[in-house]
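One structure is given below, encoded as structure tokens.
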Number of protein chains: 2
Amino acid sequence: MALEVFAVEGYRGTSLRKVASLCDLSLAGVMHYFDSKEDLLVQILRERDARNEISGTIEEQEGRLADILGQGHHEPGLIALYVTMAAAAADPEHPAAAYFHERNARLLKISEDSYYADKPAPSAEELQYLHAVTRMVLATADGLQQQWLVDRSIDVVGTMKLLMEQTHEATERKLETLRAAAADA
Amino acid sequence: MALEVFAVEGYRGTSLRKVASLCDLSLAGVMHYFDSKEDLLVQILRERDARNEISGTIEEQEGRLADILGQGHHEPGLIALYVTMAAAAADPEHPAAAYFHERNARLLKISEDSYYADKPAPSAEELQYLHAVTRMVLATADGLQQQWLVDRSIDVVGTMKLLMEQTHEATERKLETLRAAAADA
DNA sequence: GTCTATACATGGATAGAC
DNA sequence: GTCTATCCATGTATAGAC
């Protein structure tokens with residue numbers, strides 16, 4: 001699909017009629033494939049995620065995340081679309097709501113699975129802590145991109161690396177504490 | 001101004017005509033006070049910031065930030081508005097662009113000033129590091145609120161405290177290293 | 001099934017009267 | 001300063017050709 005073409009180049013107040021003409025189609029020709037404009041926009045995000053699949057070990061994932069964030073600098077339109085849809089997803093009825101719920105659950109699971117691939121199963125307390133940390137890292141990635149839209153001089157990748165560095169230290173320390181406490185009991 | 005009333009209660013696809021009727025005005029009556037709808041929305045954000053002024057020591061500021069984030073849970077419409085405008089500010093011509101630039105500069109300065117209120121002046125390297133950390137913390141706050149819009153069960157305040165805790169440790173360690181290196185030279 | 005053409009409702013913006 | 005009236009763009013829905 002050439003859906004992304006227009007969105008990559010620039011998502012502003014792009015109307016469906018402009019999209020249609022860029023695809024050498026008429027308005028209804030476009031609407032035949034989508035339930036609504038919002039649905040179209042969300043599907044663009046879905047396709048981007050499909051391209052940016054994440055896998056591998058935690059270290060590989062974090063490197064991949066940094067790559068994706070850096071690559072995003074070439075498609076500000078998609079970043080703006082992502083942020084806009086996140087706001088729209090405040091309404092549970094909006095198609096973006098389902099998208100973000102699925103996405104968050106998927107990312108959380110990927111992170112969890114890879115972290116415990118070569119480790120013994122975690123305690124419930126450990127798992128809860130790791131979920132919180134993962135959500136924090138993902139939130140920072142989102143927030144940095146949001147700020148980058150406003151100020152393109154912000155170093156998204158560098159700041160993420162700063163966060164990951166300090167998070168690794170803190171997490172290792174915390175998990176050791178938790179395990180020691182569990183061993184005592 | 002009773003501008004916020006409608007925005008606090010719920011910013012969705014609220015039309016200016018609805019806003020006007022809530023103010024017992026006509027559409028043109030509202031437009032008399034604002035350059036455009038976007039201008040109105042940005043001014044709502046400005047007024048919110050005026051209410052949520054931040055001051056005091058770093059510790060007080062962080063407590064205040066947590067309070068504000070917690071309080072934000074009662075006005076999801078304003079959070080959604082903030083996120084939406086951040087995306088719109090990707091266009092430098094949009095009125096939100098100036099707003100966010102001013103806001104970021106102000107927050108950065110407030111943080112810097114209070115941190116060095118009772119300390120010797122920092123080196124350029126130190127300052128750069130602290131700016132990066134501050135931006136990271138602010139980005140996480142933004143990102144958490146963005147995610148909270150989608151999933152209201154997310155613990156924004158708790159996650160922020162988690163971040164601040166580990167950031168304090170890492171920052172102290174980093175600054176000591178920088179100062180030791182400076183003392184060597 | 002896939003597309004074109006058209007009609008309709010709504011929203012933002014503007015002009016001009018009082 | 002506020003109103004009425006109007007204009008234009010846009011999202012959405014429908015009818016119908018191929």
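What you see is a predicted model; the values in this text were computed from it and never measured. Lettering of chains follows the sequences in order, A, B, ..., and the numbering in each one begins at 1. The figures that follow rest on heavy atoms only: side chains count, while hydrogens, waters and symmetry mates do not.
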Pick base, sugar-phosphate or nothing for S26(B), based on heavy-atom distances below 4.0 Å to the nucleic acid. base
Identify whether any heavy atom of L25(B) sits under 4.0 Å from a base atom; if not, whether one sits that close to sugar-phosphate; answer base, sugar-phosphate or nothing. sugar-phosphate
Gap between atoms NE2 and P, on H94(B) and dG12(C) respectively (whole Å): 13 Å
Shortest side-chain distance from L16(A), nucleotide among dG12(C), dT4(C), dT12(D): dT12(D)
Starting from C1' on dT12(D), measure out to CG on L40(A) and report it in whole angstrom. 14 Å
Separation of L27(B) atom CG from dT6(D) atom C1', in whole Å? 12 Å
To the nearest angstrom, the NE2-C1' distance between H32(A) and dG1(C) comes to 6 Å
Exam field: side chain S111(B) to backbone L107(B), donor-acceptor pair closer than 3.5 Å: no
From dG11(C), dC3(C), dT10(D), pick the nucleotide closest to the side chain of R17(B)? dG11(C)
Between Y115(A) and Q61(A), is there a side-chain donor-acceptor contact under 3.5 Å, judged purely by atom types and distance? no
Please determine, by modelled atom types, if E112(A) and T134(A) share a side-chain donor-acceptor pair under 3.5 angstrom. no
Report the distance from atom CE of M31(B) to atom C1' of dA15(C), rounded to the nearest whole Å. 13 Å
Find the distance D24(B):CG to dT2(D):C1' and express it as a whole number of Å. 13 Å
Under 4.0 Å between a side-chain N or O of Y33(A) and OP1 or OP2 of dT2(C)? no
Closest of dC3(D), dT10(D), dG11(C) to the K18(A) side chain is dT10(D)
Between S114(B) and G56(B), which heavy-atom pair has the shortest distance, and what is it? CB-O, 3.4 Å
Counting only side-chain heavy atoms from C-beta out, which of dT12(D), dT14(C), dG1(D) sits nearest to K37(A)? dT12(D)
